[in-house]
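Contents: one structure, followed by commentary.
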Amino acid sequence: MRYELVIFDNDGVLVDSEPISNTILSGYLTELGHPTTYDESLRDYMGAAVHRVQDLVRERTGQELPADFEQTLHQRIVAGFERELRPVPGAEDVLGSLVADGVTYCVASSGSHDRIRAGHRKTGLDEWFEEEWVFSSEDVGKGKPAPDLFLHAADQMGVAPERCVVVEDSPLGVQAARAAGMDVYGFTAMTPAERLAGANGYFSDMKELLGLLG
């Protein structure tokens with residue numbers, strides 16, 4: 001394999017969480033007086049850290065979300081995960097192949113560490129990730145599309161950015177990977193390829209990923 005490190009986004013790439021989290025987010029924003037559809041939530045917030053939600057609401061309405069917005073959203077999403085979350089089909093097969101080939105990998109997500117771990121425990125993916133292989137936008141304070149998270153992950157894993165490849169399913173994540181100087185492959189199971197412009201390639205089924213990485 002021509003890459004030394006594979007950096008996986010988490011939501012929508014390893015765990016099938018985007019339908020759950022965006023249903024909950026859009027409903028909560030609507031409840032707070034900021035009408036948001038599921039599709040609008042996907043368009044504006046998929047792949048983003050919570051501060052982007054707060055920033056966009058402030059920018060569009062001049063209003064602040066409640067002080068406990070992030071905590072309440074987190075609690076609702078984790079509860080949703082406990083009810084419904086599943087791994088993305090084929091994700092464990094890909095991780096198993098990387099282990100068999102001796103390829104280093106990690107996860108770098110806009111979600112909090114608690115949210116990442118809750119999802120991994122529910123789906124059984126926690127068996128595939130050591131604690132030190134999990135990175136969150138909490139670690140850098142600046143989420144995607146800034147490159148900070150991916151650069152932090154590469155630095156902590158001891159691999160130069162140009163030897164890394166990112167697996168992403170959001171426009172913000174593709175932008176962040178390119179800004180970090182990394183190759184990136186776009187997962188199109190939920191996001192059309194045209195919204196992932198700038199990726200080095202695209203795949204709609206996890207079984208196709210290893211061929212792209214080879």
Legend entry - Side-chain (Ser204) to main-chain (Thr188) donor-acceptor, under 3.5 angstrom: no
Legend entry - From CG (Leu73) to CD (Gln54), nearest 0.5 Å: 9.0 Å
Legend entry - Rounded distance (nearest 0.5 Å) linking atom CG of Leu5 with atom CE of Met157: 5.5 Å
Inset, instruction - Return yes if some donor-acceptor pair links the side-chain N/O of Ser26 with the main-chain N/O of Ser41 below 3.5 Å, else return no. - result: no
Legend entry - Residues Ile7, Glu168; criterion side-chain contact (heavy atoms from CB on, under 4.5 Å); working and verdict: CA-CA 9 Å; Ile7 304 176; Glu168 264 288 355; over 6 Å; no
Inset, instruction - Identify whether Val94 and Leu125 are in the same connected component of the hydrophobic contact network (ILVMFWY, side-chain heavy atoms under 4.5 Å). - result: yes
Legend entry - Check: Val134 and Cys106 side chains under 4.5 Å, non-hydrogen atoms: no
Inset, instruction - Answer yes if the side chains of Ser17 and Asp11 hold a donor-acceptor pair under 3.5 Å, and no otherwise. - result: yes
Inset, instruction - Would you mind listing every ring-ring contact (aromatic ring centres under 6.0 Å, His included) that reaches into residues 71-95, with sequence neighbours excluded? - result: none
Legend entry - Euclidean distance, Ser137 OG relative to His113 NE2, rounded to 0.5 Å: 8.5 Å
Legend entry - Transitive ILVMFWY side-chain link Leu172 to Tyr185, under 4.5 Å: no
Legend entry - With Tyr45 via ring-ring contact (aromatic ring centres under 6.0 Å, His included) - residues at least two apart: none
Legend entry - side-chain contact (heavy atoms from CB on, under 4.5 Å) assessment of Leu29 paired with Leu65: CA-CA 9 Å; Leu29 287 173; Leu65 290 170; 4.0 Å; yes
List, one per line, each side-chain donor-acceptor pair under 3.5 Å for residues 95-104, sequence neighbours excluded.
{"from": "Ser97", "atom 1": "OG", "to": "Asp93", "atom 2": "O", "distance (Å)": "3.1"}

Inset, instruction - Flag the pair Leu213 / Val165 as yes when at least one side-chain heavy-atom distance between them is below 4.5 Å, and no otherwise. - result: yes
Legend entry - Heavy atoms from other residues, nucleotides or ligands near CD of Glu132 exceed 12 (cutoff 6.0 Å): yes
Legend entry - Interatomic distance, Arg76 atom CZ to Thr23 atom OG1 [nearest 0.5 angstrom]: 13.0 Å
Inset, instruction - Write down the atom of Val140, the atom of Asp148, and the distance for their closest heavy-atom approach. - result: CG1-O, 3.9 Å
Inset, instruction - Could you tell me which non-hydrogen atom of Val174 sits nearest to which non-hydrogen atom of Gly198, and how far apart they are? - result: CG1-C, 4.1 Å
Inset, instruction - Could you tell me whether the side chain of Asp114 reaches within less than 4.5 Å of the side chain of Val78, counting heavy atoms only? - result: no
Legend entry - Val167 side chain reached by Val6 side chain, heavy atoms, under 4.5 Å: yes
Legend entry - Minimum-distance pair of heavy atoms, taken over all atoms of Ala176 and Ala146: CB-O, 3.4 Å
Inset, instruction - Show the numbers, then the answer: is there a side-chain contact (heavy atoms from CB on, under 4.5 Å) between Leu85 and Thr123? - result: CA-CA 7 Å; Leu85 191 63; Thr123 59; 3.8 Å; yes
Inset, instruction - Scan residues 7-37 for pairs that pass ring-ring contact (aromatic ring centres under 6.0 Å, His included), counting only residues two or more places apart or in two chains. - result: Tyr28-Phe69
Legend entry - Short N-O contact, Asp44 and Arg60, less than 4.0 angstrom: yes
Legend entry - Polar contact flag, side-chain donor to acceptor under 3.5 angstrom, Arg178-Asn200: yes
Legend entry - Met190: hydrophobic cluster co-members (side-chain, 4.5 Å): Tyr38, Leu42, Met46
Inset, instruction - Compare every heavy atom of Leu196 with every heavy atom of Ser170, then report the nearest pair and how far apart it is. - result: C-CD2, 3.4 Å
Legend entry - Within-4.5 Å side-chain heavy-atom neighbours: Leu14 and Val107: yes
Legend entry - Contacts of Pro35 that satisfy side-chain contact (heavy atoms from CB on, under 4.5 Å) - sequence neighbours left out: none
Inset, instruction - Not counting sequence neighbours, which residues clear ring-ring contact (aromatic ring centres under 6.0 Å, His included) with Phe203? List them please. - result: Phe187
Inset, instruction - Inspect the contact between Arg58 and Asp55 and indicate whether a charged nitrogen and a carboxylate oxygen are less than 4.0 angstrom apart. - result: yes
Legend entry - Pairwise side-chain contact, Ile20 with Arg83, heavy-atom cut-off 4.5 Å (strictly under): no
Inset, instruction - Could you list the residues that satisfy side-chain contact (heavy atoms from CB on, under 4.5 Å) with Glu59, not counting sequence neighbours? - result: Leu56
Legend entry - Modelled atom types, side-chain donor and acceptor of Asn10 and Ser109, under 3.5 Å: no
Legend entry - Partner residues of Trp133 under the ring-ring contact (aromatic ring centres under 6.0 Å, His included) criterion, sequence neighbours left out: Tyr105
Legend entry - Any pair counted as side-chain hydrogen bond (donor to acceptor under 3.5 Å, both in side chains), so long as it reaches residues 205-214, sequence neighbours left out: none
Inset, instruction - Might you point out which heavy atoms bring Gly214 and Arg2 nearest each other, and give the distance in Å? - result: C-NH1, 3.4 Å
Inset, instruction - Please identify each residue that fulfils side-chain contact (heavy atoms from CB on, under 4.5 Å) with Ser21, with sequence neighbours left out. - result: Glu18, Ile77, Arg115
Legend entry - 4.5 Å side-chain heavy-atom contact, Ile116 and His120: yes
Inset, instruction - Kindly give the heavy-atom pair with the smallest separation between Met206 and Ala91, and that separation in Å. - result: CG-N, 4.1 Å
Legend entry - Polar side-chain atom of Thr37 near backbone of Glu40 as donor-acceptor pair, under 3.5 Å: yes
Legend entry - Side-chain heavy-atom pair Leu25, Val53 within 4.5 angstrom cut-off: yes
Inset, instruction - Would you confirm whether Thr30, through its side chain, and Thr36, through its main-chain N or O, come within 3.5 Å as a donor-acceptor pair? - result: yes
Inset, instruction - Any pair with a residue in residues 147-173 that passes ring-ring contact (aromatic ring centres under 6.0 Å, His included), sequence neighbours left out, goes on the list, sorted by first then second residue, please. - result: Phe135-His152
Inset, instruction - Identify whether the distance between the nearest side-chain nitrogen and carboxylate oxygen of Glu84 and Lys122 falls below 4.0 Å. - result: no
